[in-house]
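The structure displayed is predicted, hence computed values, not measured ones.
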Amino acid sequence: MCFCFSFSNKKFTVLGKTLQTQAKTWLIGILLGSVFTAASISAQARGASERFADLPITVETPAFAAAKRDFTSDAEMAQFIARLDLQTEHLVWRLLGKTPGGREMHLLLFTSEGKSNAFDIAASRKPIVWIIGQQHGNEPAGAEACLEIARRLTVGDLKWVLDRISVVIVPRANPDGAAQNRRESNLTDLNRDHLLLSAPETQLLHRAMRQLPPHVVIDAHEFGPANRWIERFGVAQSSDLLLQSASHPEVAEPLRAVVREVFDPAIDSATRRFGIRTFIYHLLNTSGEKPFVQTGSNFAGIARNTFALYGAVSYLLESRGIGLERQNLQRRVASHVIAMSAILRAAANNPETLIKAVKAARNDWLGEITVDHNLRREMREIPAYEPISGDEKPLKLELQNAFSISPTITRPVPFGYLLGADQAEAAQRLVQHGVRVIRMFQAQDVSVERYIIRAVRQEPSDNGTLLDRVITATQVLNVTVPAGTFYIPINQPFARIAATALEPEGAGSFVNSRLIRVPAGLQVGVELPIMRLVLPARLAGPLLEAY
């Protein structure tokens, strides 16, 4: 196809270079509409095809079989895992359960001892590394990389790590979305459901995590390299892999330190060795007059943040892929495999350091809670390239950095939280996270801080929809709490999850997400059915069990 333009000097003298620039951008947009959507690989511009050539590693998943034209199907995945299962004594293959669409979720547990009992695995005192693929159904490279990592743990260059760590792989966390090439699962964005646990898939995943608490979690995704970038600037993202560790303000400092000192250097070294271009995960925001770039948010319900609030090192890995179908698939999958392998090796080479950091992150929690915050912006050079020529064309843009915050609401860590007796659903979700929740068997006098709504404002959520968010005033008083009240002590390993869910102002809190029921509605003057325990108290009762 040829696009020809002829400009008469007489007719276009006034428009001059402006019109030529617009025409060039339009041409790039037309061409890249085919490059990055449904056209064949032969339609891809030379600059892009050379830039994203195959990497010198072997990938042997079903998607790379001769004459294969799509990605690994559910049936092919099960057959692939079955073959691995026959080749090793170190794999325990489980079915987590079935999705609403009736599809199976697979879990692969690799240990040197071949243990299937969670208590035995915990007793081995080895770190547990989780790898999760394809939470978004239209991002298949993560699932392919998970299968390749499983193969390497079985018969390849990663077998040795099992002497020092255990590895759990969920290759396809969203089978229903994958079957439809759709991001969501039944209208739920699974990647943002990890605090609320509203979807069956995330509930199944977290039930397994309660049995095998992670020390490290890798969450594999893909990003769209063109989209708004082409429309706004006529460029595409040039990175192979975008990465971001957990950025929620309440991620414990020992985890941040081990990320900086152990895992970031390992990933950087491995990706540089293969010529993989990396950058912090980011999105282009064009909602206002002046476009800017934002890193992944601090929303607590995003997988990488929830897992870090559990006290685990947590990484998001995103290869370029949305809209590319099978173009550059080998490089996309190989980039994941190389980064995942680096994290596994770093964990295996530093098990005691990792265990120490995780233990510290789950220990007694003191100081202040950052309930809400603003993000700062800074000028950064964003890697990009001109797709037709392949020339580098970085952009200078403001970057809204999730790691650079200004706290707006802080509160001291309480001795615990109290939930009204009518809030059983919210209490149950906490238990599904592994939080210890006690149901008081008798009334008791306690000193508390209660929340009263003083404002309700609409703000865009992490996925762009508008949500009401509350602002509260607190009041200290002595009260008699009735029998049946739910008590959540703070001196427990997953206390940060409880605080993030229960402090009302936090984005994604159980109040703002409407999991906590307020009969009078969210309006000024209403008292919320949550209280903070400001003095220690002996509150007895049975532990709530997860269902």
Is there a donor-acceptor contact under 3.5 Å from the side chain of [X] to the main chain of [Y]?
X    : Y    : result
Q244 : G296 : yes
S335 : R331 : yes
T99  : R103 : yes
H90  : S112 : yes
Q203 : L197 : yes
Q400 : Q294 : no
Q423 : A426 : no
Q444 : R538 : yes
S185 : T188 : no
R514 : N512 : yes

Once side chain to side chain contact (heavy atoms under 4.5 Å, CB included) is applied, do any residues pair with [X], and if so which ones, sequence neighbours excluded?
X    : value
E253 : R256, A257, R260
D85  : L91, W93
H373 : P249, N298, T370, L375, I405
S513 : L196, F510, L515

We want to know whether [X] and [Y] form a side-chain donor-acceptor pair, criterion being a heavy-atom distance below 3.5 angstrom.
X    : Y    : value
Y310 : H215 : no
N191 : R183 : no
R376 : S406 : yes
E201 : N174 : no
E503 : Y417 : yes
T202 : H194 : no

- Pair V216-W130, side-chain contact (heavy atoms from CB on, under 4.5 Å): steps then yes or no: CA-CA 6 Å; V216 179; W130 278 69; over 6 Å; no
- Task: Find out whether the Lys NZ or Arg CZ of R320 is both under 6.0 angstrom from the six-membered ring centre of F52 and within 45° of the ring's axis.
- Result: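 The answer is yes; both the distance and angle limits are met.
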- Query: At what distance, to the nearest 0.5 angstrom, does OG of S509 lie from CZ of R469?
  - Reply: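 Atom-to-atom, S509:OG and R469:CZ are 7.5 Å apart.
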Please tabulate, for side-chain N and O atoms in residues 487-498, each donor-acceptor pair with protein atoms closer than 3.5 Å (sequence neighbours left out).
residue, atom, partner, partner atom, Å
Q492, OE1, R436, N, 2.5
Q492, NE2, R436, O, 3.2
Q492, NE2, P489, O, 2.6
R496, NE, E250, O, 2.9
R496, NH1, A361, O, 3.0

- Query: What heavy-atom pair brings G420 and F486 nearest, and what distance separates the two atoms?
  - Reply: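 In terms of heavy atoms, the two residues are closest at O-CD1, 3.4 Å.
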- Where do H221 and D219 land on the side-chain contact (heavy atoms from CB on, under 4.5 Å) test, with the steps shown first? CA-CA 7 Å; H221 289 256; D219 184 25; 2.8 Å; yes
- Item | Stepwise salt bridge (Lys or Arg N to Asp or Glu O under 4.0 Å) test for E425 and R429 | CA-CA 6 Å; E425 186 176 4; R429 296 288 174 86; 3.2 Å; yes
- Item | Residue pairs involving residues 264-282 (criterion salt bridge (charged side-chain N to carboxylate O under 4.0 Å, His left out); sequence neighbours excluded) |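 Passing the test, one end in residues 264-282: D240-R277, D268-R272.
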